[in-house]
S.K.: 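Handing you a structure now.
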Amino acid sequence: MTEPNIFTQYLKKRNTLVKNKKILQSSYTPENLPHRDDKINEIVEIIAPSLSKDKPSNILIIGKTGTGKTAVMNYIGKELKKADPEEENCTFIYINCEIVDTPYGILYNIANQIISDPSRRIPFTGWSLDKILSELTNYIDEKNKIFIIVLDEIDRSFQKNGDDIFYYLTSINQELQNSRVSIIGITNNTKFTDLLSTRIKSRLGEEKIIFPPYSVEQLQDILYERAKDAFDDGILEEAVIPYCAALTAQEGGDARRALDLLRMSADIAERNGDSNITEAHVKSAKNKVELDAMGEIVKTLTLHSKIVLLSIIKNTEEGQSTMITGDVYSRYKYFCEAIGTPPITQRRVGDLITELDMLGIVHARVKSFGRAGRTKEIELSTPVQIVELLKSDEMFKDIEKYKPPKQTTLM
DNA sequence: TGTCCACTGGAAGGGAGGGCTT
DNA sequence: AAGCCCTCCCTTCCAGTGGACA
């Protein structure tokens with residue numbers, strides 16, 4: 001028995017509708033992946049030879065977010081480990097290139113998942129790429145087995161670094177005497193292969209596997225499968241899962257979002273102290289999910305990106321529903337002056353706008369206005385609440401009051 | 001048909017900040 | 001301490017461009 005403290009009442013009072021929260025996380029790998037048996041078999045067939053120390057082909061897996069690519073690979077990784085518990089014949093390594101997206105970071109991560117000897121660990125910065133690569137190659141070769149390296153969100157790293165890193169990794173086999181390395185790339189960019197240079201394309205895409213988006217029915221099955229273990233009978237109203245599935249199917253069949261939605265609905269119901277989960281909970285969850293995701297992104301923006309975003313917001317508030325780069329930049333310079341920070345160049349601001357577009361916070365498309373030039377047409381695509389979040393930023397609190405100093409006419 | 005605007009986006013490079021090696 | 005390396009954020013320079021207008 002623990003001493004009562006300030007949290008005690010919450011521990012007691014909170015009614016839990018969810019038996020096991022972990023099951024509803026999208027990172028959870030379930031025992032059963034509905035509607036992906038065929039894909040699993042396809043991949044297993046390709047990589048099974050690794051268990052007898054034969055090198056499997058490299059694979060490229062293509063499919064939109066939330067189509068089960070990562071879950072399938074994690075599942076296969078687990079099963080592979082079961083088939084070879086001592087990792088005598090093969091080792092399975094998973095790297096998410098969205099989190100580690102530099103060549104150094106990727107090699108560092110691979111190395112430290114493989115290298116067990118602490119004296120040979122690679123420092124997280126300081127070495128040249130050549131040095132890590134040769135150390136890694138040596139270590140891999142000593143082990144005399146197959147290494148399966150999964151690179152998730154492979155396009156992320158590619159966007160920043162080109163394909164040199166993939167070239168290294170796919171050509172590592174030429175240096176090896178005893179071991180072999182297979183690469184499994186996962187991407188949600190269907191045009192990814194077009195971006196690769198020919199030398200990589202043939203190597204990386206020895207086998208290609210496409211993951212189609214889930215249909216409404218399939219999403220429902222997935223949700224039912226998870227709900228079965230996560231909730232007791234009668235907690236979920238009948239319409240909840242079909243509704244979640246329908247909402248997410250509209251947006252491209254992303255199972256991750258469907259799960260987020262269900263989890264958030266349960267959260268909201270719990271917090272309200274309700275005894276079951278209804279369609280209304282799903283509705284408010286939908287708003288919250290979107291807002292949370294956007295809020296996280298906005299919070300992590302760099303100072304200049306925030307100022308650029310604020311400039312776009314301010315212009316929008318003053319009735320300019322669309323604007324061009326020049327409009328944003330002049331407002332941006334004004335704000336920089338207001339908070340006393342030196343502005344960056346328009347060239348760079350152009351890039352920041354493109355980044356904001358990729359994050360889905362603004363819409364920016366290049367458009368020609370004839371004689372009036374060719375530039376980006378920019379439009380805010382963010383809910384109002386985010387705007388509030390940004391404005392509450394300490395840095396910007398006095399910005400409304402700021403008046404620029406009188407222009408002195410100096411040439 | 002050619003002009004011309006307001007940028008776009010590629011390329012190269014700098015420098016600060018992280019850290020290793022000798 | 002000096003000499004490296006890698007990454008991030010930024011600048012400078014500049015050729016290229018879609019399409020309204022003369």
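Any value given below was found using the heavy atoms of this structure, including those in side chains, with hydrogens, waters and symmetry copies removed. Owing to the predicted nature of the structure, the values given are computational and were not obtained by experimental measurement. The sequence lines fix the lettering, A, B, ..., with proteins before strands; numbering per chain opens at 1.
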S.K.: Can you check each nucleotide of nucleotides 17-22 of chain C against protein heavy atoms at under 4.0 Å and return B for base, S for sugar-phosphate only, - for none, in 5' to 3' order?
M.R.: BBBBBS

S.K.: When the distance from CD1 of A/Ile132 to C1' of C/dT7 is rounded to whole Å, what number comes out?
M.R.: 13 Å

S.K.: Under the side-chain contact (heavy atoms from CB on, under 4.5 Å) rule, collect the residues that match up with A/Ser284, sequence neighbours excluded.
M.R.: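 Scan of A/Ser284 (side-chain contact (heavy atoms from CB on, under 4.5 Å), adjacent residues dropped) gives A/Ile268.
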
S.K.: Under 6.0 Å from the six-membered ring centre of A/Tyr108 and within 45° of its axis: does the NZ or CZ of A/Arg121 meet both?
M.R.: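 So A/Arg121 doesn't make the cation-pi contact.
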
S.K.: Give a yes/no answer on whether the side chain of A/Thr102 brings an N or O atom under 4.0 Å of OP1 or OP2 in C/dT7.
M.R.: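 True: A/Thr102 side-chain N/O within range (under 4.0 Å) of C/dT7 OP1/OP2.
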
S.K.: So if I take residues 124-131 of chain A and measure heavy-atom distances to DNA chain C, which residues fall below 4.0 Å?
M.R.: A/Trp127, A/Ser128, A/Leu129

S.K.: If you measure from the Lys or Arg side-chain nitrogens to the Asp or Glu carboxylate oxygens, is any gap between A/Glu337 and A/Lys333 under 4.0 Å?
M.R.: no

S.K.: Apply salt bridge (Lys or Arg N to Asp or Glu O under 4.0 Å) to A/Glu318 and list each qualifying residue two or more places apart in sequence or on a separate chain.
M.R.: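 A/Arg331.
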
S.K.: Can you list the residues that meet the side-chain contact (heavy atoms from CB on, under 4.5 Å) rule with A/Cys244, with sequence neighbours excluded?
M.R.: A/Leu223, A/Val240, A/Leu261, A/Leu262, A/Val282

S.K.: Reading DNA chain B from 5' to 3', where do the contacts with chain A start and stop? Cut-off is 4.0 Å to heavy atoms.
M.R.: B/dT3 to B/dT21

S.K.: Between A/Glu379 and A/Arg365, is there a salt bridge with N-O shorter than 4.0 Å?
M.R.: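 Judged by the 4.0 Å cut-off on N to carboxylate O distance, A/Arg365 and A/Glu379 do form a salt bridge.
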
S.K.: Listed by chain and number, what are the salt bridge (Lys or Arg N to Asp or Glu O under 4.0 Å) partners of A/Lys81, not counting sequence neighbours?
M.R.: A/Glu87

S.K.: According to side-chain contact (heavy atoms from CB on, under 4.5 Å), who are the partners of A/Glu45, at least two apart in sequence or on a separate chain?
M.R.: none

S.K.: Applying ring pair (Phe, Tyr, Trp, His ring centres under 6.0 Å), can you list everything that pairs with A/Tyr329, at least two apart in sequence or on another chain?
M.R.: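 Here the qualifying residues are A/Tyr332.
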
S.K.: Who pairs with A/Lys64 by side-chain contact (heavy atoms from CB on, under 4.5 Å), at least two apart in sequence or on another chain?
M.R.: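 Per chain and number, A/Lys64 pairs via side-chain contact (heavy atoms from CB on, under 4.5 Å) with A/Thr67.
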
S.K.: Are any of the side-chain nitrogens in A/Glu142 or A/Arg120 under 4.0 Å away from the carboxylate oxygens of its partner?
M.R.: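 Here A/Glu142 pairs with A/Arg120 in a salt bridge, since their nearest N and O are under 4.0 Å apart.
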
S.K.: Rounding to an integer number of Å, can you tell me how far A/Tyr104 OH sits from C/dC4 C1'?
M.R.: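 Distance check: A/Tyr104 OH to C/dC4 C1' gives 12 Å.
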
S.K.: May I have the distance from A/Arg348 (atom CZ) to C/dC8 (atom P), rounded to whole angstrom?
M.R.: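 Answer to the nearest Å: 12 Å.
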
S.K.: Of all of residues 303-327 of chain A, which get a heavy atom below 4.0 angstrom from DNA chain B, listed by number?
M.R.: A/Ile324, A/Thr325, A/Gly326

S.K.: Would you mind reading off the distance between A/Asp101 atom CG and C/dC6 atom P, rounded to a whole angstrom?
M.R.: 16 Å

S.K.: List the atom pairs, with distances to 0.1 Å, where a side-chain N or O of residues 354-361 of chain A and a protein N or O form a donor-acceptor pair under 3.5 Å, not counting sequence neighbours.
M.R.:
from	atom 1	to	atom 2	distance (Å)
A/Thr354	OG1	A/Gly350	O	3.0
A/Thr354	OG1	A/Lys376	NZ	3.1
A/Asp357	OD1	A/Ala364	N	3.0

S.K.: Please determine which of A/Leu80, A/Ile183, A/Thr91, A/Ile93 meets the side-chain contact (heavy atoms from CB on, under 4.5 Å) test together with A/Ile148.
M.R.: A/Leu80

